[in-house]
Structure formats: C-alpha cells, structure tokens
Student: 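The structure is given below, and queries will be raised subsequently.
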Amino acid sequence: METLSRFLVFMSLFAGFVSGFTLQNLPIASFEESYTQLFGDKNLFVHKDGKSVRLTLDERTGSGFVSNDLYLHGLFSASIKLPSDYSAGVVVAFYMSNGDMYEKNHDEIDFEFLGNIRGKEWRIQTNIYGNGSTHLGREERSNLWFDPTEDYHQYSILWSDSHIIFFVDNVPIREVKRTASMGGDFPSKPMSLYTTIWDGSKWATNGGKYGVNYKYAPYVTQLTDLVLHGCAVDPIEQFPKCDEGADEDIRAAQEISPSQRVKMGIFRRKHMTYSYCYDRNRYKVALPECVVNPAEAQRLRVHDPVTFGGIPRRHRNRKHRGKRSRVDGTESI
Ligand SMILES: *[C@@H]1O[C@H](CO)[C@@H](O)[C@H](O)[C@H]1NC(C)=O
C-alpha cells in the first residue's frame, strides 16, 4: 500500500513536471468587488452569480469594465464567449493598460478579438507596448482551432518582470522574453485590467473594409471566471503587494514545460497568420527581442508573400500548392 501511494505521488509529481503549470483553479474574482464599469450603461450586465458578465455593442454604445486595482505583474484571465454570426468590425479587447495615467509613456498588453464577415472566423491579435512605444507595434495575429462563439474559452496573460506569455486554454500561443535591448519597450509600470466591446469599423476587419453592420446588432459577448492573481499596487504608496501564492504561481507559469512548448510550436505553425518579427516591409531588421524561427518564417512566406517578402502570389499556386496543403494538414493541438 505504501509503495503504491509513493508511486502515485511520484507519478503525479512527474505529470506536473511534464505538463507544467496549469491555469485552472486560480482564484476567481467577484465582479462587484474587483471591477468597475467604464462605459455602456445597461450594455454591461452582471449575472446573479456575481462572476459572469455580459457585454453588448449596439447602435448606441459598446461597453466595458476595468479592475479596481492596478497590478505590477500577475496572471490575468477570463473565459470568454464571443458574439456569433456576422461580426465584421466588432472588437472585443481583453487587455492591460495604464494609458489613463501615462499619456505619453503608457504600457499595454493586449488580447484583441477581431470579428469577421463570417461569424466563425474571429481572429486574435496580441500586442505589447512599453513606455509609450506606440510607433513600434509588436502585433501577432492568429486564427483559432475552435469556434470561439460556440463556447467559453480561457484567455490568459502572464506578466512578470522577465516574461509576457499569452495563453489560450492553457496553450501558450506567444512568449515574449524580456531582453536588455528592448529597454523601456517591455511593459514595466503598474497596469489595470480592462475588457471592452467596441465598434472598430475603422480598422478591425480587413483594415476597415467591412464596418459594423447594426442590422445584426446587438453583438453580445459573455465572460466568466475572471482571474486577477497578481501583485496589486497601492496607488499612493506605489508598493506592490502580491496575493497569497501569486509570486510562486507567476514564476511557475513563466516556465513553459516541454509539452506546452510543443503545443505552442504546433499552434504557431498551424494558426499564426502574422508576426511583426517577420514583417520586413515594416521592420528592415527584426526588432531585437525577435527569435527568428525558420519554420515560422517559411510558413508565413507561403501564407502571405507580399508582407513577408517571399515568392509573389502569382507564382505560388504552381510551386507551393503541395507544401501548403501539408502545412495546413490535420495536426492538432
Ligand atoms: C520612459 O519614458 C520616459 C519619458 O519619455 C523617460 O524619461 C524614461 O527614461 C523612460 N524609461 C525607460 C525605462 O525607458
């Protein structure tokens, strides 16, 4: 018996090591205690359970909320179900910012969901700004391996003094490691957490080609299980005080396990459609933190040769059809 239980303990430790930190079971924040509505009056609705929120965009207004506290580092997460059907021009944003405190040198960490003419094909964009580096976008865009309008999925941001990692359902989809050469471009001042839905007609879908069509309104997004697990900063004393266990959880989550790294590679190979690190129209030389991965570069060249400086589109079908279908094959996360 003792041998068996020792064996089970060993196995669970081993499984923990192999699968890495999990974003499940983090403390859930109640809306009333942790957030304040920003705009949208009745278009923000809190369910009776106190932890689920409905955000609506209609012809009158979008809606949104902000955390009551500012944080310096932490794990931030929400389970989100996006508006279904036609959603061109609609933007749902889950992000951290201190733009209201630092007009000229703000920081930002963004998950942005960009609607599309066919409801299912939402795209996710991630981005960071540090100390007002808004002239240098660090955008990445991807599609998803599921229909995000069908069900709730967990979107999480890890922010430490050395890493920013974006997760979808516990799969890391992007890792930014701080480098000395990034200087102030790595977000490093306390930020609040925001969630908003708004009319992004000017840029969200195909650079603004398709605006929001209010014939399909209201656009409704549902959120639940909001997680603020980090180090809240006293606005007067400017001193961060971490929630119980947050320090260790942040450190654990920033170590991507080997199996999570494999999943991240598969995600990026299959689903990433844009990365600033490979956009030579925009940056003649990749920004210093970019780690150029030849497989990613090749895939993006095939996906979008105009942006990524590969073989022009008119030659592509003939030469690359075989390769393309293999890349878009049935490998799953
Ligand atoms: C951030 O920006 C401010 C104002 O532009 C500047 O004084 C400061 O040195 C910058 N900080 C870093 C870490 O780059």
Side-chain angles (χ1 to χ4, degrees), residues 29-69 76-101 103 106 108-127 129 134 139 141 144 147-153 155 157 191-226 228:
S30 99
F31 187 86
E32 298 297 331
E33 276 177 29
S34 310
Y35 295 94
T36 302
Q37 179 166 5
L38 261 184
F39 66 106
D41 56 89
K42 297 253 160 32
N43 283 4
L44 183 151
F45 174 81
V46 183
H47 292 266
K48 278 204 205 81
D49 66 4
K51 64 181 183 112
S52 306
V53 185
R54 186 177 72 207
L55 294 180
T56 301
L57 166 69
D58 59 22
E59 44 283 279
R60 289 179 311 117
T61 179
S63 51
F65 59 86
V66 59
S67 64
N68 294 336
D69 284 325
F76 307 93
S77 163
S79 289
I80 305 175
K81 190 175 163 193
L82 294 170
S84 51
D85 303 326
Y86 185 97
S87 58
V90 177
V91 179
V92 174
F94 174 70
Y95 66 105
M96 310 200 64
S97 176
N98 49 28
D100 56 342
M101 296 173 69
E103 244 178 71
H106 88 288
E108 209 175 295
I109 303 177
D110 302 318
F111 254 120
E112 287 160 328
F113 303 92
L114 313 175
N116 211 332
I117 28 181
R118 282 157 299 189
K120 282 184 182 181
E121 295 175 9
W122 282 78
R123 285 162 309 142
I124 335 191
Q125 172 163 291
T126 57
N127 196 9
Y129 296 120
T134 48
E139 294 89 350
R141 282 190 287 281
L144 292 161
D147 176 358
T149 72
E150 196 106 291
D151 224 326
Y152 290 90
H153 290 271
Y155 303 91
I157 294 170
M191 293 190 271
S192 311
L193 184 71
Y194 293 79
T195 309
T196 55
I197 185 169
W198 47 281
D199 182 333
S201 292
K202 292 202 177 66
W203 64 278
T205 306
N206 283 3
K209 198 159 133 206
Y210 301 98
V212 174
N213 186 339
Y214 286 100
K215 196 173 81 184
Y216 300 96
Y219 295 98
V220 177
T221 191
Q222 305 271 9
L223 290 104
T224 191
D225 295 353
L226 307 168
L228 292 165

Student: Sub-3.5 Å donor-acceptor pair from the side chain of Trp122 to the main-chain atoms of Pro83, do we have one?
Tutor: yes
Student: State, yes or no, whether a side-chain contact exists between Leu114 and Val91 at a heavy-atom distance under 4.5 Å.
Tutor: yes
Student: Does Asp58 have any salt bridge (charged side-chain N to carboxylate O under 4.0 Å, His left out) partners at least two apart in sequence or in another chain, and if so, which?
Tutor: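 Once residues adjacent in sequence are excluded, the partners of Asp58 under the salt bridge (charged side-chain N to carboxylate O under 4.0 Å, His left out) criterion are Arg60.
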Student: If you draw a 6.0 Å radius around CD in Glu103, do more than 12 non-hydrogen atoms from other residues or ligands fall strictly inside?
Tutor: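 No.
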Student: Locate the shortest heavy-atom distance separating Arg123 from Gly115; write the atom from each residue and the value.
Tutor: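 Heavy atoms of Arg123 and Gly115 come nearest at NH2-O, 4.4 Å.
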Student: So does Asp151 pair up with Lys81, basic N to acidic O under 4.0 Å?
Tutor: no
Student: Apply side-chain contact (heavy atoms from CB on, under 4.5 Å) to Val92 and Thr196, showing your working.
Tutor: CA-CA 6 Å; Val92 174; Thr196 55; over 6 Å; no
Student: Is a side-chain N or O of Asn116 found less than 3.5 angstrom from the main chain of Ala88, in a donor-acceptor match?
Tutor: no
Student: Given side chains that start at C-beta, do those of Phe65 and Thr36 come closer than 4.5 Å, heavy atoms only?
Tutor: no
Student: Quick one: does Ser79's side chain get under 4.5 Å of His153's, heavy atoms only?
Tutor: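 Contact flag for Ser79/His153 side chains = no.
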Student: Atom CD in Glu112, atom CZ in Arg141: separation rounded to 0.5 Å?
Tutor: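 Between Glu112 CD and Arg141 CZ, I get 10.0 Å after rounding to 0.5 Å.
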Student: Side chains of Ser34 and Asn68: do they bring a donor and an acceptor to under 3.5 Å?
Tutor: no
Student: Determine whether Phe111 and Ile124 make a side-chain contact, defined as any pair of heavy atoms from C-beta on separated by less than 4.5 Å.
Tutor: yes
Student: Would you say Tyr194 and Met96 make side-chain contact, with heavy atoms under 4.5 Å?
Tutor: no
Student: Can you tell me how far the CG atom of Asp110 sits from the CD1 atom of Ile157, to the nearest 0.5 Å?
Tutor: 7.5 Å
Student: Are Val66 and Phe39 side-chain neighbours, meaning at least one heavy-atom pair lies under 4.5 Å?
Tutor: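 No; the side chains remain at least 4.5 Å from each other.
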Student: Using 0.5 Å steps for rounding, measure from the OG1 atom of Thr61 to the CG atom of Asp41.
Tutor: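 Those atoms lie 6.5 Å apart.
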Student: If we ignore angles and hydrogens, is there a donor and acceptor under 3.5 Å between the side chains of Tyr219 and Asp199?
Tutor: no
Student: Anything under 30° is parallel, anything over 60° is perpendicular, the rest tilted; go ahead and classify His47 against Phe45.
Tutor: perpendicular
Student: Answer yes or no: is there a donor N or O on one side and an acceptor on the other, between the side chain of Ser63 and the main chain of Asn43, under 3.5 Å?
Tutor: yes
Student: Before you tell me yes or no, could you show the steps for Tyr214 and Leu57 under side-chain contact (heavy atoms from CB on, under 4.5 Å), namely the whole-Å CA-CA distance, both residues' side-chain angles and the distance that decides it to 0.1 Å?
Tutor: CA-CA 9 Å; Tyr214 286 100; Leu57 166 69; 3.8 Å; yes
Student: Identify the two heavy atoms, one from Ser97 and one from His106, that lie closest to each other, and give their separation to 0.1 Å.
Tutor: OG-CD2, 3.7 Å
Student: Can you sort out the partners of Glu139 under salt bridge (charged side-chain N to carboxylate O under 4.0 Å, His left out), two or more places apart, ordered by chain and number?
Tutor: Arg282
Student: I'd like to know if the side chain of Ser87 and the backbone of Val90 have a donor-acceptor N/O pair within less than 3.5 Å.
Tutor: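 No: the side chain of Ser87 does not pair with the backbone of Val90.
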Student: Look up atom CD in Glu108 and atom OG1 in Thr134, then write down how far apart they are to the nearest 0.5 Å.
Tutor: 9.0 Å
Student: Would you please indicate if the ring centroids of Phe94 and Tyr155 are separated by under 6.0 Å?
Tutor: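 Between Tyr155 and Phe94, which both carry aromatic rings, the centre distance is not below 6.0 Å.
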Student: Check whether any side-chain heavy atom of Tyr35 sits under 4.5 Å from a side-chain heavy atom of Val46, and report yes or no.
Tutor: no
Student: With rounding to the nearest 0.5 Å, note down the distance linking OG in Ser192 to CG in Asn98.
Tutor: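 Taking OG in Ser192 and CG in Asn98, the distance rounds to 7.5 Å.
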Student: Are side-chain N/O atoms of Thr149 and Asp147 paired as donor and acceptor at under 3.5 Å?
Tutor: yes
Student: Quick check on side-chain contact (heavy atoms from CB on, under 4.5 Å): which of Thr221, Leu226, Thr224 does Val53 satisfy it with?
Tutor: Leu226
Student: Quick one: CD1 on Ile80 to CG on Leu223, what's the gap to the nearest 0.5 Å?
Tutor: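 Interatomic distance, Ile80 CD1 to Leu223 CG, rounded to 0.5 Å: 5.0 Å.
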Student: If only atom types and distance count, is the side chain of Asp49 paired as donor or acceptor with the main-chain N or O of Lys51 below 3.5 Å?
Tutor: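 Yes, because the side chain of Asp49 sits within donor-acceptor range (under 3.5 Å) of the backbone of Lys51.
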Student: Quick one: do the Arg54 and Gln222 side chains pair a donor with an acceptor below 3.5 Å?
Tutor: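 Gln222 and Arg54 do not have a side-chain donor-acceptor pair below 3.5 Å.
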Student: My understanding is that only residues two or more places apart in sequence, or in another chain, count here; which of them pass ring-ring contact (aromatic ring centres under 6.0 Å, His included) with Tyr129?
Tutor: none
